[in-house]
Amino acid sequence: MANLIPKDFTGGEELLGKLMNSFWQERQMNTDIKEFEDRYLVKADLPGIKKENIRVSYVNNTLTISATQTDDLEEKDDLGHYLRKERSSSAYQRTFTITDIDEASIKAKFEDGVLTLTLPKASYKDAPAKNIPIE
């Protein structure tokens, strides 16, 4: 492979790094986290993943989303011999540090390949109202 890149080609290592980064980025779970006054909203794209293959945990201020996928594609002729058999499996995991969450009130919904988590803030629920004097 080294012979395919000319020696006078500058940026070869940078190009290879960009190619590897794009390879791994395609295999990661795209996730958005939005903060509101009383909660965080997390949306993670998990297309093609079944709900039963998704695990969500929140321990010690760490939110972890894990998913696995196994695909079996088989085509057979009338005699039952394999014409094609392909297997693939993938595992995805993302971890985020999010503090001050009311763990008992976390809600999760999975619809159309998107996992949506609602993480209520603990301090918002527990904070007493405070009157602010006006000068």
Side-chain angles (χ1 to χ4, degrees):
M1 169 117 182
N3 294 335
L4 297 176
I5 301 174
K7 290 183 180 182
D8 60 345
F9 178 71
T10 58
E13 287 181 21
E14 182 181 343
L15 175 64
L16 183 60
K18 286 180 181 178
L19 288 172
M20 291 305 293
N21 284 340
S22 70
F23 172 77
W24 289 112
Q25 284 174 352
E26 288 177 6
R27 298 192 177 278
Q28 77 177 6
M29 180 188 320
N30 294 326
T31 307
D32 296 334
I33 302 175
K34 189 172 185 180
E35 182 178 11
F36 294 90
E37 184 178 337
D38 61 339
R39 71 190 182 286
Y40 294 95
L41 185 66
V42 178
K43 290 190 176 191
D45 290 340
L46 295 165
I49 306 286
K50 294 179 183 175
K51 183 170 89 171
E52 57 269 13
N53 293 334
I54 301 170
R55 301 284 175 258
V56 179
S57 65
Y58 183 76
V59 178
N60 296 327
N61 297 323
T62 302
L63 175 69
T64 303
I65 304 170
S66 304
T68 57
Q69 177 181 16
T70 302
D71 292 330
D72 294 331
L73 300 175
E74 299 179 7
E75 291 182 13
K76 296 182 182 182
D77 63 9
D78 293 336
L79 300 175
H81 298 270
Y82 287 110
L83 295 176
R84 182 180 79 181
K85 184 175 182 180
E86 297 177 355
R87 293 177 177 249
S88 67
S89 62
S90 305
Y92 306 91
Q93 181 171 317
R94 296 291 304 269
T95 303
F96 306 96
T97 301
I98 305 175
T99 59
D100 196 33
I101 299 299
D102 179 10
E103 295 178 41
S105 299
I106 295 174
K107 295 186 180 185
K109 182 172 100 173
F110 186 63
E111 186 174 52
D112 296 330
V114 178
L115 175 67
T116 302
L117 303 171
T118 303
L119 303 133
K121 292 181 180 179
S123 61
Y124 185 81
K125 182 178 90 170
D126 299 334
K130 178 181 176 183
N131 291 325
I132 300 170
I134 300 173
E135 294 181 19

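Remark: Ile65 CD1 to Phe96 CZ distance equals 5.5 Å, nearest 0.5 Å. For the atom pair CD of Gln69 and NZ of Lys50, the computed distance is 9.5 Å after rounding to the nearest 0.5 Å. With values rounded to the nearest 0.5 angstrom, Tyr92 atom OH is found 10.5 Å from Asn30 atom CG. Note that OG1 of Thr99 is 11.5 Å distant from CG of Leu119, once rounded to the nearest 0.5 Å.
Under the 4.5 Å side-chain heavy-atom criterion for ILVMFWY residues, no single connected hydrophobic cluster contains both Phe36 and Ile98. One hydrophobic cluster, built from ILVMFWY side chains closer than 4.5 Å, cannot hold both Leu46 and Leu41; they sit in different ones.
Looking at heavy atoms from C-beta onward, Ile106 lies out of side-chain contact with Leu63 at the 4.5 angstrom threshold. No side-chain heavy atom of Thr116 sits under 4.5 Å from any side-chain heavy atom of Val42.
Screening Thr68, Ile54, Leu115 for a side chain to side chain contact (heavy atoms under 4.5 Å, CB included) involving Ile49 leaves a single residue, Ile54. Results of the side chain to side chain contact (heavy atoms under 4.5 Å, CB included) test with Arg39 over Thr118, Asp102, Leu117, Ile101 single out Thr118 as the only residue that passes.
Nearest heavy atoms, Glu35 versus Lys121: OE2-NZ, 2.6 Å.
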Show your working on side chain to side chain contact (heavy atoms under 4.5 Å, CB included) between Lys43 and Lys34 and close with a plain yes or no. CA-CA 9 Å; Lys43 290 190 176 191; Lys34 189 172 185 180; over 6 Å; no
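The main-chain N or O of Arg55 is never found under 3.5 Å from a side-chain atom of Ser57 such that the two would form a donor-acceptor pair.
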